[in-house]
Amino acid sequence: MNAQMLIFYLFATILLFAAVRVVTARNPVHSALYLVLSFFTAAALWIMLQAEFLAIVLVLVYVGAVMVLFLFVVMMLDINYDTLREGFWSNLPFALTVAILMAAEMVVVLAGRDFWANGSGSVPTLHGPGYSNTKELGRLIYTEYVYPFEIASVILLVAIVAAIALTLRRRKDTKFQDPAAQIAVRRNDRLRIIPVAADTKLMKKPEDAPQSEQTS
Amino acid sequence: MTFPMPNLTPALPEIFVLVMVSLILVIDLFLSAKNRFITYALTQITLLGAAWITVSTHGSAPQYTFSNMFVDDAMSDVLKLMSYIAVSVVLVYSRSYISLRGMFRGEFFALVLFAMLGMMVMISANHFLVLYMGLELLSLSLYAMVALQRDSAISTEAAMKYFVLGALASGLLLYGMSMLYGATGSLNINQVATVIQNTTGNHVVLTFGLVFIVAGLAFKLGVVPFHMWIPDVYQGAPTAVTLFIGSAPKIAAFAFVTRLLVDGLQGLVHDWQGMLVIMAFLSMAIGNITAIAQTNIKRMLAYSTISHMGFMLLGFLSGSLNGYSSSMFYVLVYVLMSLGGFGMVMLMSRKGFEAENLDDFKGLNQRSPWYAFMMLLLMFSMAGIPPTVGFYAKLSVLQAALQAGFIWLVVAAVLFSVIGAFYYLRIIKLMYFDSPVDETPIRPEGDMAMLMSTNGLAVLALGILPQPLMALCAYAIQRSLL
């Protein structure tokens, strides 16, 4: 076992531990932080696979943006986690049976020699120090994979449209300015000259003034 | 570095729809609520234009583009045309329903078109990644549409269930695809098929991936044991959205199964055949038996969907070209019946009233004999009773399964369809032999009335003359799957 293998197993262990804790941690903030840890170790594993760019993006986007946002949401929402856990124990036996059954089936398949005997899987070739992963990825995305790339952008557009459609509503109690109406306003709409009592001699048409203002 | 420009002609319908939906999104912003019908008209024009482009670029030989990720063959053209028709009918049926419920908004039409774009991408995909992207585009639009009535608790719950289970299914599908990628070293469907053909002996990794892929597909199709979301989503979603989910996406799901299992994994046919046999049997059994206990017609039709999807799988599991084309025929016929069935539910609904209980259909014959007759034709067809097209659809998949030697499965299918006939006939009994609870006259708008009549009569006409549609399916399958 060389150093690389050792590092791999170290990170893999941390990753599995963190992933299990994400599910089992009682405090949602802890489980979000464990998720950060698992992303981080996954990024380390990707670097070992020479996917530096993806690893950096994983840290920047998921840890830097998504998880921070997630933590905000968890901290801001007052969720009663005890009601969420209701029925956990009553459903546990069934869930555990299914999970163990599935895991056992997978172990039987994966542990069998047949699974590894094939060897048709292509092992990725290692590249020299001058090889730029980022450049290669960029080239592929904009040439060979341009079609799925474009569809991905449409999916993001759908996300925007859906988010707006689901959350935007006209609230009756919001106060807002309408600049167009503010600009288009005329003097006569706002200003009215009301003759006061002292000028009764000048008053031509007293019925013009509203009742309430005459008294004031 | 040189980059050869991909040939865009085969993908013109997709490009047109994308451009139009972006335009519609912008134009809609400048429309007042009074002029919102312009958005509706533009959406219909988009469908018409896409249909025209699809027909005019139709070629008999398959065309590949975008580094072989996109395929334009006879099957994709036929399925796309059918999707346009289905979506267009959905929009006509839903128009008055959604405008009475405050959903007549630009976003609704944009999401419908985005979903259709996703279906088109799936129909024309020749690459696992593209298939997945198309599926996500379709699913994400559908999740949002189910939740569009944000004040309705039942819709929100349905959307949440749909979203969580849909994400789980996508995860399963991706896991299976990654296994296949590991075993074959490619994501391109043709290359995967070639590698599998050349692999001799050991198929364990491939089969391991296949299990996950079939589970993911089953989720999306809604066949037992992955059917839990269907009744809740069908009941919870606004009926217009239920109508949409129950129609055009089934065509895309057919294309999805064909591309993945038939195009890509034909070499593993003996492995997936067995899985489909179990799922088809369980779907027909649970779908038909559980539907009897339902009192909500949307829920009842949801269970009927499950059983119909089971029948559709009968064609696939026969593993022959004849079987695939009979499956395609079944799906198209199912979409026609489903449009009519949910359309009737919307036709009976009015402002502030949802005709979603079976009792709401009581005495329909006295209120409107013509629509009662249409519903009778649709129910006969769903039950598979001879003068209607549903009979031929069932007959052709049963024949295909019989030729493949699944005699016990065919016998079971016939038995379950006899059981299923009960709940379809119960609606007919309610319409003709019970007295109405609600005397409000039924007055649909002109275009909806005409289309509903066409829909009902088409079920009868295709039942008398099923040959053209069957020939079309056979043509599409034979030209595309060699």
Could you please state which residues from residues 28-42 of chain A sit under 4.5 angstrom from chain B, measuring non-hydrogen atom to non-hydrogen atom, sorted by number, or 'none'?
-> none
Enclosure of A:Met67 CE (heavy-atom neighbours >12, cutoff 6.0 Å) | yes
What distance separates A:Leu156 CG from B:Leu140 CG, expressed to the nearest 0.5 Å?
-> 9.5 Å
How far does CG of B:Leu117 sit from CG of A:Leu157, to the nearest 0.5 angstrom?
-> 10.0 Å
How about B:Met69 and A:Pro148: do any of their side-chain heavy atoms sit closer than 4.5 Å?
-> yes
Go through the atoms of A:Val154 and report whether side chain, backbone, both or neither lie under 4.5 Å from a heavy atom of chain B.
-> both
For B:Phe16, look at atom CZ and say whether over 12 heavy atoms of other residues, nucleotides or ligands are found less than 6.0 Å away.
-> yes
Flag if over 12 foreign heavy atoms under 6.0 Å of CZ, B:Phe104 | yes
Pick one of side chain, backbone, both or neither for B:Leu137, based on which atoms fall under 4.5 Å of a heavy atom in chain A.
-> both
Examine whether an atom of A:Tyr145 lies under 4.5 Å from a heavy atom of chain B, and if so say whether it belongs to the side chain, the backbone or both; otherwise answer neither.
-> both
Would you sort out whether B:Thr65 and A:Tyr147 count as a side chain to side chain contact (heavy atoms under 4.5 Å, CB included), showing the intermediate values?
-> CA-CA 10 Å; B:Thr65 185; A:Tyr147 184 55; over 6 Å; no
Flag yes if more than 12 heavy atoms outside A:Tyr131 fall under 6.0 Å of its OH atom; otherwise flag no.
-> yes
Contact origin within B:Leu129 toward chain A - heavy atom pairs under 4.5 Å | side chain
Would the number of heavy atoms belonging to other residues, nucleotides or ligands and lying under 6.0 Å from OH of B:Tyr143 be above 12?
-> yes
Going through the distances and angles, do A:Leu166 and B:Arg150 end up as a side chain to side chain contact (heavy atoms under 4.5 Å, CB included)?
-> CA-CA 7 Å; A:Leu166 292 183; B:Arg150 46 172 286 159; 5.6 Å; no
Do you know which of B:Met5, B:Glu14, B:Glu136, B:Arg105 has the most heavy-atom pairs under 4.5 Å to chain A?
-> B:Arg105
Kindly write out the residues that satisfy salt bridge (Lys or Arg N to Asp or Glu O under 4.0 Å) with B:Lys161, not counting sequence neighbours, or none if the list is empty.
-> B:Glu157, B:Asp232
Has A:Gln177 got more than 12 heavy atoms of other residues, nucleotides or ligands less than 6.0 Å from its CD?
-> no
Please check if atom CG in A:Leu191 has more than 12 non-hydrogen atoms from other residues, nucleotides or ligands closer than 6.0 Å.
-> yes
Closest non-hydrogen atoms of B:Met133 and A:Ala152, given as atom of the first, atom of the second and distance, are CE-CB, 3.4 Å
